[in-house]
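Taking it in order: structure first as structure tokens, then the write-up.
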Amino acid sequence: MIAATTVLELRGVEKRYPRKGGDVLACSGIDLAVAENEFVSLIGPSGCGKSTVLSLVAGLLAPTSGSVLLDGKPIDGPGPDRGVVFQQYALLPWMTVRENLAFAVESVRGKSGLAANASDVDGVLDLVHLTAAAARYPRELSGGMKQRVGLARALLVRPRVLLLDEPFGALDALTRAYLQNEMLDLWEHRPTTALMITHDIEEALLLSDRVAMMTRGPGGTIARVIDVPFARPRHRDAVMADPRFARLAAESLEHLTRELDLARSA
Ligand SMILES: Nc1ncnc2c1ncn2[C@@H]1O[C@H](COP(=O)(O)OP(=O)(O)OP(=O)(O)O)[C@@H](O)[C@H]1O
Ligand SMILES: [Mg+2]
């Protein structure tokens, strides 16, 4: 068997936010390697440091100690090799869907890249089923549509790693389930290395190849990593009906509630 290529690696990562009266320890001892086209979810109690880990990988923050490597090289700032999808949509309200996407290409590749990549915009609009909404403004879109624009924008530059911070967190349950299905479908067409933060255990099990569970803060670390056994292509109904799904969901929930109980009694 050929060993999978490691795309993203965190080694002994710690992040402290400096603050008067004492630093805030946001995460510590984070060790994680994500292989090419692997989808890893990070789950853990609120405040344990998940968004901090994502910001370190995005290059928006630098670790206090340890290293964050992309293809073996230390990350030293944001770059087009990482596409980020935020919980809130962060679309430019005065631009249409198509203009928002074109602007994203322009800002990472420079103006010259724009014309050559008009077909990329069409391709990605098709991928997230938004072709018919290309000329609409963000205010004319539903929450689910806006989040699909966010996903399209992140995919557009064909990032080496896709970073998702609670991408469906702001959506109602039905839209959320719909987008999860679309995401599974998308992965069949375009597998991408991904690191996703979620609070939703079932979402993590449905979408990921591995789920990394963090301990409570301050200074959360990865306590346990679950290998998700469901073969791809995946379909929601088949995954949900698999007895291993219920077992893994119960185990994960037990871990998370234990962490919350510990936090409460601390
Ligand atoms: N810019 C900052 N300055 C100081 N402290 C911060 C900053 N950002 C986050 N923190 C603190 O670091 C810790 C980890 O925060 P982080 O946002 O990474 O948690 P999280 O796991 O993403 O939480 P949630 O699930 O609520 O989004 C928290 O104690 C938080 O208060
Ligand atoms: Mg967060």
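Order of appearance sets the numbers: ligands from 1, and atoms from 1 within every ligand. Model, not experiment: these values are computed from the prediction.
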key: Rounded distance (nearest 0.5 Å) linking atom CZ of R176 with atom CD of E203   = 4.5 Å
key: Which of the ligand 1 atoms, numbered from 1, are nearer than 4.0 Å to a heavy atom of H199   = 25 (O)
ask   = Is any side-chain N of the basic residue among K50 and D165 closer than 4.0 Å to the acidic one's carboxylate O?
value = no
ask   = Heavy atom under 4.0 Å from ligand 1: found in R19's side chain, backbone, both, or neither?
value = neither
request  = Would you sort out whether L151 and L164 count as a side chain to side chain contact (heavy atoms under 4.5 Å, CB included), showing the intermediate values?
outcome  = CA-CA 9 Å; L151 187 59; L164 308 135; 4.1 Å; yes
For residues 59-75, run the donor-acceptor check on the side chains, cut-off 3.5 Å, and write out each pair with its distance to 0.1 Å, sequence neighbours left out.
from : atom 1 : to   : atom 2 : distance (Å)
T64  : OG1    : R16  : N      : 2.8
D71  : OD1    : R160 : NE     : 3.2
D71  : OD1    : R160 : NH2    : 2.9
D71  : OD2    : R160 : NE     : 2.7

message = Out of S46, G169, G44, C27, who is nearest to atom 26 (O) of ligand 1 when you count heavy atoms only?
response = S46
contact_flag G47 ligand 1 heavy-atom lt 4.0 Å = yes
request  = Could you tally the protein N/O/S atoms lying less than 2.8 Å away from the Mg ion (ligand 2)?
outcome  = 1
request  = Compare every heavy atom of V228 with every heavy atom of S208, then report the nearest pair and how far apart it is.
outcome  = O-CB, 3.4 Å
message = If you measure every N or O of A26 against every N or O of ligand 1, does any of those distances drop under 3.5 Å?
response = no
query = With sequence neighbours left out, what residues match E259 under salt bridge (Lys or Arg N to Asp or Glu O under 4.0 Å)?
reply = R216
query = Got a donor-acceptor contact below 3.5 angstrom from the R11 side chain to the D31 backbone?
reply = no
Nearest-contact summary for atom 27 (O) of ligand 1 - protein heavy atom, Å = S51 OG, 4.0 Å
Which of the ligand 1 atoms, numbered from 1, are nearer than 4.0 Å to a heavy atom of V24 = 11 (C), 12 (O)
ask   = Any sub-3.5 Å donor-acceptor pair from T192's side-chain atoms to R190's backbone N or O?
value = yes
ask   = Does a salt bridge link R244 with E251, judged by any charged N lying under 4.0 Å from a carboxylate O?
value = no
request  = Select the closest option to atom 25 (O) of ligand 1 among E166, R216, K50, judged by heavy-atom distance.
outcome  = K50
All side chain to side chain contact (heavy atoms under 4.5 Å, CB included) counterparts of A246, not counting sequence neighbours = none
remark   = With heavy atoms and a 4.0 Å threshold, my read on which part of T52 contacts ligand 1 is both
Check: E166/T198 side-chain N/O donor and acceptor closer than 3.5 Å = no
query = Among protein heavy atoms, which lies nearest atom 9 (C) of ligand 1, and at what distance?
reply = Y17 CE1, 3.4 Å
ask   = Is D120 salt-bridged to R158, cutoff N-O under 4.0 Å?
value = no
request  = Compute the minimum heavy-atom distance from M214 to ligand 1 and say whether it is under 4.0 Å.
outcome  = no
inquiry  = Determine whether any protein heavy atom is located less than 4.0 Å from atom 31 (O) of ligand 1.
reply    = no
task = Compute the minimum heavy-atom distance from C48 to ligand 1 and say whether it is under 4.0 Å.
result = yes
